[in-house]
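Have a look at the structure below before the remarks.
Owing to the predicted nature of the structure, the values given are computational and were not obtained by experimental measurement.
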Amino acid sequence: MLTTANVTKMLRINRHSLMKIVEAGGFPQPIRLNARTYRWNEETVASWLREKEQCSTKTSQA
């Protein structure tokens, strides 16, 4: 399970930006452990990143 800090580091964005993307449906939903603690499934995040990389590769090839 990835913490918010792990995910923000991977995406090179801050916590506020991450939560805005999640709320907009642009990033996998976290598992909420309590009112202030979130975790993301590592494989889900890795899959999302691979998908985004494939999209950007297709766009740059066009």
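Within the model, atoms CD of E23 and NZ of K20 stand 8.5 Å from one another, a figure rounded to the nearest 0.5 Å. Rounding to the nearest 0.5 Å gives a distance of 12.0 Å between CG of L2 and NZ of K9.
Side chains of P30 and V22 form a contact here, defined as non-hydrogen atoms less than 4.5 Å apart. In this structure, R15 and Y38 have side chains that are in contact, with non-hydrogen atoms separated by less than 4.5 Å. Here the side chains of L18 and L11 are in contact, with some heavy-atom distance below 4.5 Å.
Hydrophobic clustering (ILVMFWY, side-chain heavy atoms < 4.5 Å, transitive): I21 and V7 are in one cluster. Placement of M10 and M19 within a single hydrophobic cluster is found when ILVMFWY residues are connected by side-chain heavy-atom separations under 4.5 Å, directly or transitively.
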> Does the pair F27 and T44 meet the rule for a side-chain contact (heavy atoms from CB on, under 4.5 Å), with working shown?
Replying inline: CA-CA 10 Å; F27 192 74; T44 303; over 6 Å; no

> Where do T37 and T4 land on the side-chain contact (heavy atoms from CB on, under 4.5 Å) test, with the steps shown first?
Replying inline: CA-CA 8 Å; T37 305; T4 302; over 6 Å; no

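Listed for the W40 side chain is no donor-acceptor partner under 3.5 Å among the backbone atoms of N6.
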